[in-house]
Protein chains: 2
Amino acid sequence: MSPRLPVAERRAQLLQTALDVATKDGIAAVTVRRVAEDAGVALGVVHYCFSDKDELLAAMAQRIVDDLVEAGAAGLTEPATTPDLMTALEWALQGLWTSIEATRDAQLLTYEITTFALRQPALRAVADRQYQVSQEAAEGLIGIASELAGATWSRPLAEIAAEALAFVDGVTLRWLVDGDGVAARQRLQDFAVYLAGQVSDPGPNQPAS
Amino acid sequence: MSPRLPVAERRAQLLQTALDVATKDGIAAVTVRRVAEDAGVALGVVHYCFSDKDELLAAMAQRIVDDLVEAGAAGLTEPATTPDLMTALEWALQGLWTSIEATRDAQLLTYEITTFALRQPALRAVADRQYQVSQEAAEGLIGIASELAGATWSRPLAEIAAEALAFVDGVTLRWLVDGDGVAARQRLQDFAVYLAGQVSDPGPNQPAS
DNA sequence: GTCTATAGTTGGATAGAC
DNA sequence: GTCTATCCAACTATAGAC
């Protein structure tokens, strides 16, 4: 059925198939059989490319984190005009939310991966790295927003970013349950106001009052 | 091995065993076999008490939610003195955190249940109810704190509580990964400061300056 | 009414064919 | 080097014994 392929290409194909399955039906639906079937290869081919199921899951988790890095970097394009801090933070959070809302299943999957990784000692590093990457992305996003506005934080950027990350996580999780995107956006808006207050120097660009 | 028992008692026993398994090893470890084995009964007994595995899982989710209600109610005891708003909010959040920190596995399980329920159309109501209950608990806790201080919120209590709930969720999730309880407590402390600013009337009891 | 013994399904892994 | 055919373990569910 499927033509003979070098192992590296097969691996990539199977990894993508596994991610498709997980995104669509959850991590519990990822079985060696299901992946083989969806990819159109025999069962054993998966075990030829991945020593066991755990290696496949670890590769999936790694890919998701890598994609996160890429998406985070892509979202950090600077606008032409120079906004005040609150406007910059609103842009950052609303832009972030737009991409979250467009990838519901992928968001749900990241929470599944996190809890899954926390239960499996072998995947502990995956969860750690997931947050490390998210933390860096948050610092990048908030750092750029404050640079645009020329503002200076009154507390370490890392801690500001950690709080923002926690809030976005919580808001996203609730949105996954209640589906209320309007409420989620409003909560992020409120949080932008809070963040904008965490500065020692608000920068040169102040909003018209 | 195990003596004959009326179905209601068996059901309660098996439900508790299932929760113990899930708390210890995750929801994926909850199999009909494992529950039967840990409870010391034959396999079929579980199917006699629960029509199928889904009913067992649904019952587990319901029990967790019920326990949440109970724990929330228990935490709402009023102290003797009358604090200012920020002190009251700190008490509320730090007390909440103490109970979260003491039940790490149970916290992880609630996130697992949430994502699990979101993947299973039949359990959709479980996730909804999980948040409904949490929301009510949050409103209760924050409502009491502000009543103690005699403060009046500038926005609907429901929305204040929703934001606090989101933040606590996010902070807890991260703590599950990085284990940094000190950082978590500090984040909740910062959030208490934010909340204390969300009033139209801070109440009669002001902190000594 | 309660529990046991057994059937049938799905899953992970591997020896060996090409 | 790549893939197929097969094995064995673990699971859910039920028919029927006590």
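Throughout, protein chains are lettered first and strands after them, A, B, ... in sequence-line order, and every chain is numbered starting at 1. The basis for the numbers below is simple: all heavy atoms, side chains too, and nothing from hydrogens, waters or symmetry mates.
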Are a donor atom and an acceptor atom from the side chains of [X] and [Y] found within less than 3.5 Å of each other?
X	Y	result
A:Arg10	A:Gln13	yes
B:Gln107	B:Arg104	no
A:Gln135	A:Glu139	yes

Separation of [X] atom [atom1] from [N] atom [atom2], in whole Å?
X	N	atom1	atom2	value
A:Leu5	D:dC3	CG	C1'	12 Å
A:Arg11	D:dC3	CZ	C1'	17 Å
A:Glu9	D:dG1	CD	C1'	14 Å
B:Glu37	C:dT4	CD	C1'	16 Å

Query raised in the report: Counting N and O atoms only, with roles assigned by atom type, does the side chain of B:Arg11 sit under 3.5 Å from a partner on the main chain of B:Cys49, one being a donor and the other an acceptor?
Result: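 Looks like yes, one N/O pair under 3.5 Å.
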Report task. Apply the test salt bridge (Lys or Arg N to Asp or Glu O under 4.0 Å) to residues B:Lys24 and B:Asp20: give CA-CA distance (whole Å), side-chain angles for both, the deciding distance (0.1 Å), then the verdict. Result -> CA-CA 6 Å; B:Lys24 186 166 181 290; B:Asp20 291 345; over 6 Å; no
Report task. Check A:Thr98, A:Asp190, A:Val171 against A:Arg185 for a side-chain contact (heavy atoms from CB on, under 4.5 Å) and give me the one that passes. Result ->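 Of the listed options, the one satisfying the test is A:Thr98.
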Query raised in the report: Across the strands shown, which category fits B:Val7 at heavy-atom distances under 4.0 angstrom: base, sugar-phosphate, nothing?
Result: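 Sugar-phosphate, no base atom in range.
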Query raised in the report: Does a side-chain N or O from A:Arg10 land closer than 4.0 Å to OP1 or OP2 of D:dG1, or not?
Result: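 Result: no.
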Query - Where protein sits on nucleotides 8-18 of chain C, one letter per nucleotide: B base, S sugar-phosphate only, - none, heavy atoms under 4.0 Å - result: ---BBBB----
**Report entry** Side-chain touch B:Arg34/B:Val30, heavy atoms, less than 4.5 angstrom
**Finding:**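 Answer no - side chains too far apart.
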**Report entry** Inter-axis angle, terminal five-pair segments of the helix from C:dG1-D:dC18 to C:dC18-D:dG1 [nearest 10°]
**Finding:**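 End-to-end axis angle: 0°.
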Requested in this report: Return the orientation label for the A:Phe167 and A:Phe191 ring planes: parallel under 30°, perpendicular over 60°, tilted otherwise.
Outcome: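 Answer is parallel, since the angle falls under 30°.
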